[in-house]
Number of protein chains: 2
Amino acid sequence: MTKVHPTFDVGTVERVPAHAQAATLLRRAIQLGYLMPSDKLPSEPDLAKRLGVSRVTLREAIRQLEGEGYVTSRRPQGLFVAKQVESAAKRKAYMREEFKRIQQLLDFRAAIEPMAARLAARHRTNKDLAAMAASIRAMEVAATVPQFRKADSNFHLAISKASKNAYLRAALEDARAGMFLPFDARDFTVTWSSSPADHTVILDAMRERDGERAARAMEAHVIESGREMADVIWGKRGRKSPPD
Amino acid sequence: MTKVHPTFDVGTVERVPAHAQAATLLRRAIQLGYLMPSDKLPSEPDLAKRLGVSRVTLREAIRQLEGEGYVTSRRPQGLFVAKQVESAAKRKAYMREEFKRIQQLLDFRAAIEPMAARLAARHRTNKDLAAMAASIRAMEVAATVPQFRKADSNFHLAISKASKNAYLRAALEDARAGMFLPFDARDFTVTWSSSPADHTVILDAMRERDGERAARAMEAHVIESGREMADVIWGKRGRKSPPD
DNA sequence: ATACATTGTCTAAAAATCAGACAATTAATG
DNA sequence: CATTAATTGTCTGATTTTTAGACAATGTAT
């Protein structure tokens with residue numbers, strides 16, 4: 001008796017316009033620290049080609065980002081990354097309201113990052129190891145929060161790459177991009193304190209191909225990062241300064 | 001000195017046509033067992049409305065799925081899920097060739113499913129619990145592999161839903177959809193042997209809100225499932241029959 | 001003052017999607 | 001066996017999004 005399934009739910013198609021996607025890509029690049037404040041962006045024709053869209057479409061994306069305050073256009077010189085995206089107070093409010101989402105994201109990271117570290121310790125090449133070490137060095141010499149954040153991101157992404165697991169890697173990239181969205185701030189320096197030591201421990205485990213130790217260290221690191229983050233969000237600790 | 005970042009790479013925009021998205025949604029519904037072989041799909045206007053696309057767009061998606069052999073259109077009766085997508089031999093060959101990918105997916109599941117179980121044990125409502133129990137009952141009375149698979153899928157998805165974590169849930173859905181693609185076969189009855197007992201243990205932990213036990217049980221289950229799967233793929237055990 | 005790269009603005013066309021109408025088909029019904 | 005009713009097959013025209021390209025406006029650097 002062929003019949004339609006009663007609880008049939010496949011979800012819905014959501015069309016994402018090309019200009020919205022382009023805006024998301026550029027916003028993410030700024031949020032992840034690939035594009036830093038006051039950086040000049042490529043010219044519109046160039047940028048459009050890189051993004052794989054037409055200039056008109058790119059333009060709509062730029063208008064959107066200008067409205068959000070991520071970029072400013074100085075007439076015939078080009079497009080620049082804004083120095084300040086939003087007020088500190090506004091960002092902090094945003095973070096509180098997004099707290100639940102962040103907490104979910106931290107649990108998600110706590111699930112995947114240790115596994116990525118475990119597999120990376122097993123499958124890493126010397127080149128992978130070098131990339132991780134380079135990221136840690138970059139973290140140590142970072143003078144600004146965006147620089148630090150970029151190095152930190154690179155370290156974790158290097159591990160996900162070394163795991164040789166496409167699923168973990170994709171999930172981790174998504175997770176990190178999602179994390180940094182609200183931490184776009186220049187006034188929060190989360191994970192600055194515990195990170196250097198944590199990262200070194202993880203790197204050692206990678207060097208010795210000790211998967212379990214790498215996983216445990218990563219788990220501790222993610223949990224501690226989350227704790228620090230929560231403290232900052234809820235104002236228990238307040239600001240910290242970068243190391244000198 | 002404002003300069004363009006040298007290693008500037010934001011990725012590219014990829015336009016995903018609505019019909020491709022619709023095809024993906026329907027394909028996944030079949031792969032996950034929401035739509036079973038010989039099931040009748042809703043009428044085109046109805047389905048188009050549910051998917052949030054026009055009928056023309058839906059039609060392009062259907063043409064695609066027909067080409068892939070997922071559905072067949074019996075003229076004025078409607079659209080039906082195909083009985084057989086591909087031959088058993090072809091699927092088995094496909095599985096071996098996709099073995100690496102499956103192994104990655106198993107590692108990915110081993111990372112996220114225990115965490116989902118842990119959080120589900122903590123956050124589950126009675127309704128969540130009832131859904132899990134219903135899935136187990138459905139598994140016990142399943143007479144065919146698709147039925148069993150659907151029930152199995154529902155159990156794991158119920159847990160991911162109960163975890164109240166959108167990221168874990170989405171990742172788990174992706175992972176399961178990816179798993180079942182090559183296991184669409186009727187000739188593999190993986191996880192049939194160990195599953196009933198495993199699932200009951202997990203359910204007990206959920207009932208008692210014992211997150212750690214739930215996580216451990218789930219981890220063991222995923223690992224054992226992977227082991228059985230590997231055995232079947234490499235022919236160490238061969239076929240099994242469904243319970244009567 | 002001038003050159004020049006860049007953004008601002010416009011037009012025309014192509015592609016995707018939508019909304020709706022109507023014909024064709026055939027299982028089910030009486 | 002004829003009729004009904006639901007469904008797919010097919011078509012048209014409008015709307016939205018995106019593309020490709022041309023040209024003017026701008027203001028910095030030489």
Side-chain angles (χ1 to χ4, degrees), chain A residues 1-6 8 10-26 35 38-82, chain B residues 1-5 8 10-26 35 38-83:
Chain A
M1 207 27 27
T2 62
K3 73 174 188 11
V4 177
H5 198 282
F8 181 65
V10 281
T12 61
V13 172
E14 32 187 297
R15 290 176 63 186
V16 184
H19 56 85
Q21 287 187 55
T24 299
L25 286 175
L26 292 173
L35 291 169
S38 296
D39 264 2
K40 183 181 180 306
L41 277 77
S43 70
E44 287 182 2
D46 186 1
L47 197 50
K49 190 165 285 178
R50 297 204 208 197
L51 288 167
V53 297
S54 73
R55 211 183 134 208
V56 182
T57 302
L58 169 62
R59 235 138 185 298
E60 293 184 60
I62 289 174
R63 245 180 282 161
Q64 174 73 25
L65 292 176
E66 276 180 333
E68 294 170 12
Y70 280 97
V71 297
T72 50
S73 175
R74 296 214 280 278
R75 230 332 182 121
Q77 264 81 52
L79 200 67
F80 294 83
V81 178
Chain B
M1 212 23 32
T2 62
K3 73 173 184 22
V4 177
H5 199 283
F8 180 66
V10 279
T12 60
V13 171
E14 33 187 300
R15 292 177 62 184
V16 184
H19 56 86
Q21 287 186 55
T24 299
L25 288 174
L26 292 173
L35 292 169
S38 297
D39 263 2
K40 182 181 182 306
L41 277 78
S43 70
E44 287 181 1
D46 186 1
L47 198 50
K49 192 164 283 179
R50 297 203 207 197
L51 288 166
V53 297
S54 74
R55 213 182 132 211
V56 185
T57 302
L58 170 62
R59 233 135 187 300
E60 292 184 60
I62 290 175
R63 244 179 284 162
Q64 174 74 26
L65 292 176
E66 276 180 333
E68 293 171 12
Y70 279 98
V71 298
T72 51
S73 175
R74 295 214 280 276
R75 210 19 158 97
Q77 264 82 51
L79 200 67
F80 294 83
V81 178
K83 292 212 183 75

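Reminder, nothing fancy here: chain letters follow the sequence lines and each chain counts from 1. Hydrogens, waters and symmetry mates play no part in the numbers below; they use all other heavy atoms, side chains included.
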Using whole Å, what does the distance between atom [atom2] of nucleotide [N] and atom [atom1] of [X] come to?
X	N	atom1	atom2	value
B:D46	D:dA6	CG	P	14 Å
A:L65	C:dT7	CG	C1'	16 Å
B:E44	C:dT25	CD	P	16 Å
A:L47	C:dG8	CG	P	13 Å
A:E14	D:dT17	CD	P	16 Å
B:L79	D:dT8	CG	P	7 Å
B:R63	C:dT17	CZ	C1'	14 Å

**Summary of protein contacts for nucleotides 18-30 of chain D, nucleotide by nucleotide, where a base hit scores B, a sugar-phosphate-only hit scores S (4.0 Å, heavy atoms)** = SBB-B--BBSS--

**Item:** A:T12 side chain near B:L51 side chain, heavy-atom distance below 4.5 Å
**Value:** no

**Item:** Nearest atoms (heavy-atom pairs only) where A:L41 meets A:L26
**Value:** CD2-CD2, 4.4 Å

**Prompt:** Under the side-chain contact (heavy atoms from CB on, under 4.5 Å) test, which residues partner A:A23, sequence neighbours left out?
**Reply:** A:R27, A:A61, A:Q64, A:L65

**Under the side-chain contact (heavy atoms from CB on, under 4.5 Å) test, residues paired with A:S73 that sit two or more places apart** = A:E66, A:L79

**Complete:** Residues passing the salt bridge (charged side-chain N to carboxylate O under 4.0 Å, His left out) test with A:E44, sequence neighbours excluded, are A:R55, A:R59

**Message:** If the condition is side chain to side chain donor-acceptor pair (under 3.5 Å), which residues does A:S54 pass it with, not counting sequence neighbours?
**Reply:** A:T57

**Asked** Think A:R59 has a side-chain N or O under 4.0 angstrom from the OP1 or OP2 of C:dG8?
**Response** yes

